[in-house]
J.: 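The following block contains the structure, expressed as structure tokens.
Chain letters run A, B, ... following the sequence lines, proteins first and then strands; every chain starts at 1.
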Amino acid sequence: MLSSYWDSVAVFLGINILMGVSLYIPMTAGLISLGQGGFMAIGAYVCAILTKSDVPFFLALVAGGCAAGIAGLVAGAPALRIRGIYVMILTLGFGEIVRVFFLNFESTGGASGLGGIRPLTELWQVIVACVIAYLMVWRIRHVRLGRAMVAIHEDDLAAEAMGINLTRTKLLSFSLGAIVAGLAGGFYAHQALFIDANQFDFSRSAITFLYVVLGGVSNPLGAIVGAAIVTLLPEFLRVVQDWRMTVFGTMLVLIAVWRPDGLLRAPSLHKS
Amino acid sequence: MTALLHVDGVSRRFGGYLALNNASCEIGEGDIHALIGPNGAGKTTLFNVVSGLLRPTVGKVSFKGRDYTGLKPDRVLTMGIARNFQQVRLVRGLSVVENVMIGAHARINRGILGNAAEFFGFSIAEKAAREKARAMLDFVGMAGKSDLQPDELTLVDQRRLEIARALTSEPQLLLLDEPAAGMNPTELLELSALIKRIRKQGLTVLLVEHHMRLVMSIADFITVLSAGSIIAAGTPAVIQRDPAVISAYLGARE
Ligand SMILES: Nc1ncnc2c1ncn2[C@@H]1O[C@H](COP(=O)(O)OP(=O)(O)OP(=O)(O)O)[C@@H](O)[C@H]1O
Ligand SMILES: [Mg+2]
């Protein structure tokens with residue numbers, strides 16, 4: 001058995017992997033979100049409120065994921081008209097709106113946060129969720145939806161001329177990612193046991209972005225590898241803990257210079 | 001003979017520049033119809049309007065008598081108009097056969113159950129789509145190249161791939177923008193045979209091409225565009241002797 005400390009590290013690692021996957025999905029369709037923390041917050045709050053009213057954990061998780069998915073549809077709709085950097089700015093704004101909302105929404109604790117959440121998250125549940133999320137990403141790549149996403153990412157004009165419905169595909173991928181982030185939020189709330197708005201601020205979204213960029217944007221395993229490095233490095237290297245943001249910032253720069261595709265590259269993805 | 005496509009007084013402005021100026025033409029069903037004209041005449045712009053990528057500034061387009069001006073490109077494709085691109089636009093990261101399968105997207109609407117089946121790998125439709133895409137690659141003369149990546153292909157094969165992709169959407173009207181560019185004499189013969197086979201399948205072809213020998217040998221009808229305006233229309237025999245056409249071409253050559 002793992003000690004309870006490492007057990008908890010493993011749970012947070014799993015949650016971070018889910019966050020990485022949540023960003024990876026819309027990224028396959030060329031939509032880069034800097035607001036995944038917002039979806040995580042929605043999942044966390046919805047799930048926590050529900051288990052507080054004695055809704056079974058599993059159902060509460062699903063509800064949290066769905067709530068985040070719906071928020072994904074809402075946030076994704078304006079993102080359809082814009083591209084690239086503007087999508088990043090828009091999702092960044094969305095993340096902030098969610099944070100400020102929970103900061104001021106008294107029914108969920110407002111600025112003093114929401115405590116007394118029961119410790120319902122268990123490692124095996126998080127592992128199962130990660131495996132399902134990963135299989136989903138892997139499988140999507142080999143079906144129509146995934147091909148449409150890749151096509152949009154490459155050249156949305158040609159994709160549309162080839163009969164791909166941009167609206168539907170983009171919204172779907174955005175919303176799928178949001179569901180996974182919402183799920184991560186639900187697990188997070190029942191592991192941290194106390195949540196407040198600032199746990200889901202911009203740095204949460206930014207670090208999620210780092211997982212994917214570090215691991216590799218063209219390979220779904222990349223998000224996992226990235227999340228693992230960023231989560232585990234501070235556990236093993238004391239220095240990294242003290243200089244967290246500096247170390248990660250440096251990593252990002254190095255990656256951008258030497259391996260713009262991330263640590264893992266695409267070819268392993270191509271099947272024969 | 002009934003017209004499949006009507007282009008009705010279409011103008012398209014880019015800033016102060018009039019790329020299409022009140023262009024009208026009809027494409028007869030079952031025809032191989034060529035659209036020729038000097039560089040910058042507005043041929044690709046007309047294709048963009050017909051395929052829904054560009055909205056005309058003025059005028060309308062109708063397909064089988066139905067006005068579809070302003071319809072989105074994916075809906076235009078489902079309606080039955082498919083195209084290739086003069087500047088090849090393939091999806092890197094998808095294999096050759098997967099690129100062709102993209103063309104079938106709009107044709108397959110499986111609903112939630114069907115999508116779930118596809119997701120879990122039980123879908124017969126997915127297999128069928130792959131088979132069909134392979135057959136289409138055979139049809140355009142690319143047998144055995146299904147599993148390559150698009151950038152491993154020669155430019156000529158990339159153009160063929162785009163034709164296969166367009167055909168997979170089961171169009172009634174196929175728009176081909178300079179498919180012969182870069183082809184050697186043998187490849188030109190193959191292309192001409194391919195276009196004839198496509199017509200034999202019951203499709204109508206609108207062909208933009210600079211290669212005059214190809215155009216004159218396969219076109220039933222020719223429309224000539226120059227500086228955004230249609231300056232002549234008729235059979236190859238008529239067009240070859242048209243003074244306006246000759247001067248437009250000589251004038252453009254300098
Ligand atoms: N999106 C655009 N924005 C601005 N100008 C454009 C645009 N598309 C085309 N044009 C201009 O419109 C004119 C017609 O271009 P078009 O591509 O339709 O010509 P073409 O007949 O296809 O020429 P070619 O034989 O060289 O392919 C050109 O002068 C071009 O620069
Ligand atoms: Mg052109």
Side-chain angles (χ1 to χ4, degrees), chain A residues 24-25 27-30 80-81 132-173 175-176 179 216-220 222 261-262 264-272, chain B residues 47-48 51-54 72-85 87-95 97-110 114-121 123 125-126 129-130 133 146-150 162 165-166 168-171 175:
Chain A
Y24 180 83
I25 295 171
M27 239 163 151
T28 329
L80 295 172
R81 305 184 169 279
I132 293 176
Y134 179 72
L135 285 180
M136 184 172 85
V137 169
W138 176 81
R139 192 57 205 150
I140 283 178
R141 169 61 184 75
H142 297 290
V143 295
R144 230 157 31 109
L145 174 62
R147 288 195 291 272
M149 284 161 67
V150 176
I152 289 176
H153 180 94
E154 271 299 309
D155 183 346
D156 54 358
L157 191 115
E160 202 178 14
M162 269 21 293
I164 290 170
N165 185 323
L166 292 189
T167 308
R168 198 189 302 161
T169 312
K170 283 186 175 182
L171 276 185
L172 196 58
S173 61
S175 182
L176 271 178
I179 289 174
V217 286
S218 49
N219 188 327
D261 291 341
L264 300 187
R265 279 182 181 163
S268 58
L269 193 61
H270 297 318
K271 57 175 196 180
S272 57
Chain B
F47 266 28
N48 287 341
S51 59
L53 289 178
L54 281 179
K72 290 209 165 201
D74 56 319
R75 302 282 308 283
V76 174
L77 183 95
T78 343
M79 199 176 66
I81 302 178
R83 68 173 293 175
N84 73 340
F85 290 94
Q87 236 79 48
V88 179
R89 302 179 92 140
L90 296 167
V91 186
R92 277 179 301 139
L94 294 184
S95 68
V97 70
E98 286 173 328
N99 264 280
V100 178
M101 287 167 81
I102 294 266
H105 269 236
R107 280 277 159 256
I108 321 166
N109 201 344
R110 295 170 186 148
N115 274 301
E118 175 188 328
F119 190 82
F120 292 109
S123 172
E126 171 83 6
R130 199 169 277 270
S146 304
D147 295 325
L148 297 178
Q149 293 297 310
E162 279 209 340
R165 180 171 69 179
T168 306
S169 72
E170 294 172 8
L175 311 177

J.: Less than 4.5 Å apart, side chain to side chain, heavy atoms only: is that true for Asp74(B) and Leu166(A)?
T.: no

J.: Going through the distances and angles, do Arg89(B) and Leu157(A) end up as a side-chain contact (heavy atoms from CB on, under 4.5 Å)?
T.: CA-CA 9 Å; Arg89(B) 302 179 92 140; Leu157(A) 191 115; 3.2 Å; yes

J.: So how far is it from Lys72(B) NZ to Glu160(A) CD, rounded to the nearest 0.5 Å?
T.: 5.5 Å

J.: State the CZ-NE2 distance between Arg92(B) and His153(A), to the nearest 0.5 angstrom.
T.: 8.5 Å

J.: Between Asp155(A) and chain B, which part of the residue has a heavy atom less than 4.5 Å away: side chain, backbone, both or neither?
T.: side chain

J.: If you round to the nearest 0.5 Å, how far is CG of Leu94(B) from CE of Met149(A)?
T.: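 Those atoms lie 11.5 Å apart.
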
J.: Of all the heavy-atom pairs spanning Leu53(B) and Ala161(A), show the shortest one and how long it is.
T.: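 Looking at all heavy atoms of both residues, the closest pair is CD2-CB, 4.1 Å.
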
J.: Which atom names give the shortest non-hydrogen contact between Gly163(A) and Leu77(B), and what distance separates them?
T.: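 Where Gly163(A) meets Leu77(B) most closely, the heavy atoms are CA-CD2, 3.4 Å.
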
J.: So how far is it from Glu98(B) CD to Arg144(A) CZ, rounded to the nearest 0.5 Å?
T.: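 Going from CD on Glu98(B) over to CZ on Arg144(A), the span is 14.0 Å.
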
J.: Contact part of Ala159(A) toward chain B, heavy-atom cut-off under 4.5 Å: side chain, backbone, both or neither?
T.: neither

J.: State, with a plain yes or no, whether a side-chain heavy atom of His105(B) is found less than 4.5 Å away from one of Arg147(A).
T.: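 When only atoms from C-beta onward are counted, Arg147(A) and His105(B) do touch, with a gap below 4.5 Å.
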
